[in-house]
There are 2 protein chains.
Amino acid sequence: MKMILKKYCKMSGRSVTNQRKLLLDLIYRAKGHLDADELFRRAKEQQQRISLATVYRNLKLFKEMGLISENRLGENHSHYEIRSPVEHHHLVCRSCGRVEEFDSPLIDEARLRLQQQKEFDIFSVQLKMEGYCPKCKQKRKPS
Amino acid sequence: MKMILKKYCKMSGRSVTNQRKLLLDLIYRAKGHLDADELFRRAKEQQQRISLATVYRNLKLFKEMGLISENRLGENHSHYEIRSPVEHHHLVCRSCGRVEEFDSPLIDEARLRLQQQKEFDIFSVQLKMEGYCPKCKQKRKPS
DNA sequence: TATTTTTTGAGAATCATTTTCATTTTTATC
DNA sequence: GATAAAAATGAAAATGATTCTCAAAAAATA
């Protein structure tokens with residue numbers, strides 16, 4: 001991670017700061033869907049003086065550099081994760097919030113067809129499906 | 001539209017107000033992706049005293065009733081449209097903001113497979129692809 | 001190391017959206 | 001149709017996520 005950060009920063013003329021190293025590392029280690037607040041909380045454990053503004057600034061930067069991706073899984077705020085080499089999508093339980101990741105060759109195929117049909121250059125595919133997970137499905141039955 | 005509104009309101013014990021009639025009608029006539037502000041502007045042309053809070057309240061209500069759908073096409077705010085009988089998705093140009101709608105049997109297929117595989121009850125599929133439209137694709141070439 | 005450039009922290013500002021509450025409109029009842 | 005009860009509205013304040021400002025600190029460059 002640190003090497004990657006250095007490389008990307010050099011490339012775009014950015015500084016490599018302790019805050020950036022820490023933040024990217026935390027996102028990497030979280031291996032999940034982290035929101036700005038939670039990232040801020042975790043960062044503060046190691047750098048008490050870090051500011052929420054710095055968190056947002058760098059999330060934006062990492063996104064521009066293509067290191068992370070931003071998703072709207074819930075309603076009002078974003079979640080971030082290391083941009084995995086293999087594109088994947090999200091299946092969210094509307095009841096308990098559980099998030100499953102998936103990918104599908106059918107989606108890739110759809111993308112290719114659409115690209116031809118509409119003559120767009122498509123560089124991003126964001127798919128979110130919502131429903132009830134097996135557990136919550138059960139709970140809802142009685143009602 | 002008015003009949004539908006009445007039916008849905010009765011069903012859930014809501015009142016049928018002038019504001020609701022106007023708002024739903026405007027969304028219907030817009031035939032596109034309208035945001036709260038633009039809807040508010042248009043509504044004020046016909047009911048000067050209408051409040052932005054009423055716009056938001058009723059967008060929320062229409063959504064709960066399943067009459068409209070909410071999409072995050074841009075960055076910071078939502079767009080709304082009449083929920084079309086056939087589910088469709090969005091292809092957005094990151095340069096000029098142009099929005100194309102599409103749907104694809106491949107997506108439906110993917111949904112079915114996922115439903116089986118993960119044992120979720122899936123009731124919502126939101127797919128957004130981003131890229132450059134034919135025009136903006138051209139403009140970017142020289143750089 | 002000195003100088004320039006970039007980033008940071010802290011708090012204020014912004015923007016979309018939601019809430020509060022007194023007043024008005026709609027609905028249900030007679 | 002009049003009236004009481006219930007729901008919705010307008011206006012303004014509140015909220016929550018995110019962005020901006022600016023002086024001070026850190027990093028890159030010479």
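Lettering of chains follows the sequences in order, A, B, ..., and the numbering in each one begins at 1.
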Can you figure out which of [options] approaches the side chain of [X] most closely?
| X | options | result |
| --- | --- | --- |
| A/Arg57 | D/dT18, C/dT18, C/dT8 | C/dT8 |
| A/Thr54 | C/dG9, C/dT18, C/dT26 | C/dG9 |
| A/Arg49 | C/dT27, C/dG9, C/dT19 | C/dG9 |
| B/Gln19 | C/dT8, D/dA27, D/dG10 | D/dG10 |
| A/Asn76 | D/dA17, C/dT6, C/dT8 | D/dA17 |
| A/Ala36 | D/dT18, D/dA12, D/dA27 | D/dT18 |
| B/Val16 | C/dT27, C/dT17, D/dA11 | C/dT27 |
| A/Lys60 | C/dT17, D/dC20, D/dA27 | D/dC20 |

Legend entry - Distance-only donor-acceptor check, side chains B/Glu70 and B/Ser78, under 3.5 Å: yes

Would you indicate what [X] reaches in the nucleic acid, counting non-hydrogen atoms under 4.0 angstrom: base, sugar-phosphate, or nothing?
| X | value |
| --- | --- |
| B/Asn18 | sugar-phosphate |
| A/Arg20 | sugar-phosphate |
| A/Asn58 | sugar-phosphate |

Inset, instruction - Flag yes if more than 12 heavy atoms outside B/Met3 fall under 6.0 Å of its CE atom; otherwise flag no. - result: no

Inset, instruction - Count the heavy atoms belonging to other residues, nucleotides or ligands that lie under 6.0 Å from OH of A/Tyr28, then report whether that count exceeds 12. - result: no

Legend entry - Under-4.0 Å salt bridge between A/Glu64 and A/Lys60: no

Legend entry - Under-4.0 Å salt bridge between A/Glu109 and A/Arg113: yes

Inset, instruction - If the plane angle is over 60° it's perpendicular, under 30° parallel, otherwise tilted; pick one for B/His90 and B/His33. - result: perpendicular

Inset, instruction - Could you check B/Ser78 against A/Gln47 and say which one's nearest nucleotide on DNA chain C is further toward the 5' end? - result: A/Gln47

Legend entry - First encountered from the 5' end of DNA chain C, between A/Ser51 and B/Arg72: A/Ser51

Rounded to the nearest Å, what distance is computed from the [atom1] atom of residue [X] to the [atom2] atom of nucleotide [N]?
| X | N | atom1 | atom2 | answer |
| --- | --- | --- | --- | --- |
| B/Leu61 | C/dT17 | CG | C1' | 16 Å |
| A/Lys10 | D/dT29 | NZ | C1' | 10 Å |
| B/Gln48 | D/dA11 | CD | C1' | 16 Å |
| B/Lys44 | D/dA11 | NZ | P | 9 Å |
| B/Glu64 | C/dT18 | CD | P | 10 Å |
| A/Tyr80 | D/dA17 | OH | P | 11 Å |
| B/Asp35 | C/dT17 | CG | C1' | 13 Å |
| A/Lys63 | D/dT19 | NZ | C1' | 13 Å |

Inset, instruction - Using a cut-off of strictly less than 4.0 Å, decide whether A/Tyr56 has a side-chain nitrogen or oxygen near OP1 or OP2 of D/dT19. - result: no

Legend entry - Under 4.0 angstrom between B/Thr17 side-chain N/O and D/dT9 OP1 or OP2: yes

Legend entry - Given DNA chain D, 5'-ward residue of the pair B/Leu52 and B/Gly13, judged by closest heavy atom: B/Gly13

Inset, instruction - Could you tell me whether A/Tyr132 and B/Phe123 have their ring centroids closer than 6.0 angstrom? - result: yes

Legend entry - Residue pair B/Lys118 / A/Glu101: nearest heavy atoms and the distance that separates them: NZ-O, 3.3 Å

Legend entry - A/Ile122 backbone acceptor or donor facing A/Gln115 side chain under 3.5 Å: yes

Inset, instruction - Check if the side chain of B/Arg14 and the base of D/dT9 share a donor-acceptor pair of N or O atoms closer than 3.5 Å. - result: no

Legend entry - the helix from C/dT1-D/dA30 to C/dC30-D/dG1: angle between end helix axes, five pairs per end, rounded to 10 degrees: 40°

